[in-house]
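First up is the structure itself, then whatever we jot down about it.
In what follows, chains are A, B, ... by sequence order, proteins preceding strands, each numbered from 1.
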Protein chains: 2
Amino acid sequence: MLPLEKNQAIDTLEYSAEVLKAIAQPTRLRIIELLRDGEHCVCEIFPAIGHEQSNTSRHLQTMLKSGILNQRKDGLKIYYSLRHPEVLEIVQLAGLIAAHEATERAARFAK
Amino acid sequence: MLPLEKNQAIDTLEYSAEVLKAIAQPTRLRIIELLRDGEHCVCEIFPAIGHEQSNTSRHLQTMLKSGILNQRKDGLKIYYSLRHPEVLEIVQLAGLIAAHEATERAARFAK
DNA sequence: ATAGTATATGAGTATTTAGTCATACACAGT
DNA sequence: ACTGTGTATGACTAAATACTCATATACTAT
């Protein structure tokens with residue numbers, strides 16, 4: 001998210017869209033799932049999700065700027081954690097919809 | 001969402017991301033809000049949101065393909081409606097996060 | 001100071017996205 | 001058949017996205 005000074009007129013709609021966009025990506029969903037059990041540093045995350053360190057760092061920055069992550073520096077390492085439990089609820093709801101659609105399509109395919 | 005035949009191996013993660021991406025856009029959020037009170041045709045939606053008919057139609061197609069909308073044809077008009085109540089829950093949760101972030105930033109700015 | 005480790009970021013690329021304008025398509029009424 | 005209305009879509013553009021490689025930055029330990 002951009003600095004406040006440049007975006008004082010940004011409305012809740014745009015803000016909500018930015019938050020959702022920060023979640024709506026497979027790699028970032030994987031990271032969110034990883035963070036479900038608490039904070040992790042980049043060095044733990046990027047091997048776990050099978051992406052480059054730089055790519056992982058960028059995704060974390062995206063989520064950090066959107067406001068859905070916290071950052072904690074400890075020496076060399078930087079630990080990220082989920083800032084809002086609502087994010088997990090959103091992921092869960094999206095999973096419900098996805099599962100429902102998947103079974104519907106499977107049924108349609110079987111006909 | 002792409003036709004099933006070409007995507008049998010698509011996993012829930014990708015599916016969830018697609019659903020969330022279909023929601024995570026300001027214009028589409030406006031449309032979703034409009035559909036909160038029931039089905040509307042394109043001819044009602046595009047003047048309400050202040051976008052072109054073609055643009056509105058494209059957004060509706062995006063959401064339809066992702067599986068979050070229903071479509072009902074009635075003569076010339078095509079009515080769209082929300083297919084999953086969970087979509088409204090997701091929008092509400094995103095709004096909570098956005099509101100929280102907005103007040104945090106306002107406070108930080110006031111310091 | 002030097003070397004090593006963890007993270008962020010500049011620069012580049014390929015793809016996707018949101019939008020526009022013009023046009024095609026589908027259905028209704030005459 | 002013709003006209004009009006509602007919707008979808010082809011073609012295009014500008015901007016954003018996800019990714020890579022290389023490099024810079026920040027901190028630690030020796």
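Closest approach to the A:C43 side chain among C:dA8, D:dA8, C:dA6 is made by C:dA6 (side chain taken as heavy atoms from C-beta onward).
For D:dC19, the OP1/OP2 oxygens have a side-chain nitrogen or oxygen of A:N55 closer than 4.0 Å. Applying the 4.0 Å criterion to OP1 and OP2 of D:dG6, one finds that B:Y80 has every side-chain N and O outside that range. Remark: B:H59 is not in phosphate contact with C:dT17, judged by side-chain N or O atoms under 4.0 Å from OP1 or OP2.
Following rounding to the nearest Å, B:K65 (NZ) and D:dA8 (P) show an atom-to-atom distance of 10 Å. Here C:dT16 presents its C1' atom at 13 Å from CD of B:E18, a figure rounded to the nearest Å. In this entry the distance linking CD of B:Q25 with P of C:dT17 reads 11 Å, nearest Å. Computed from coordinates, the B:F46 CZ to C:dT20 P distance equals 12 Å when rounded to whole Å. As rounded to whole Å, 14 Å separates atom C1' of C:dT23 from atom CD of B:E52. Atoms CG (A:L60) and P (D:dT17) sit 16 Å apart, rounded to a whole Å. Between the P atom of C:dT7 and the CD atom of A:Q61 lies a distance of 11 Å, rounded to the nearest Å. Here C:dT7 presents its P atom at 8 Å from OH of A:Y79, a figure rounded to the nearest Å.
Between the B:R28 side chain and the B:L60 main chain, no donor and acceptor come within less than 3.5 Å of each other. When atom types are taken as modelled, the side chain of B:S57 and the backbone of B:Q53 share no donor-acceptor pair closer than 3.5 angstrom. Between the B:R72 side chain and the B:E39 main chain, no donor and acceptor come within less than 3.5 Å of each other. Formation of a donor-acceptor pair under 3.5 Å by the A:E52 side chain with backbone atoms of A:S54 is not found in this model.
Residue side chain B:R58 does not reach the base of C:dT17 through any donor-acceptor N/O pair under 3.5 Å, judged by distance alone. If you check distances only, the side chain of A:S54 never reaches the base of D:dC19 with a donor-acceptor pair under 3.5 Å.
As judged by a 4.0 angstrom heavy-atom cut-off over every strand, B:Q71 is placed among residues touching the sugar-phosphate backbone only.
For the residue pair B:H100 and A:E86, no side-chain donor N or O sits within less than 3.5 Å of a side-chain acceptor on the partner. Inspection of the B:Y80 and B:Q61 side chains reveals an N or O donor paired with an N or O acceptor under 3.5 Å.
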For this session: Would you give a per-nucleotide map of nucleotides 23-30 of chain D, 5' to 3', where B means the base has a protein non-hydrogen atom under 4.0 Å away, S means only the sugar-phosphate does, and - means neither?
Result: ---BBS--
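Listed by chain and number, the residues in a salt bridge (Lys or Arg N to Asp or Glu O under 4.0 Å) with B:E33 are B:R36 (sequence neighbours excluded).
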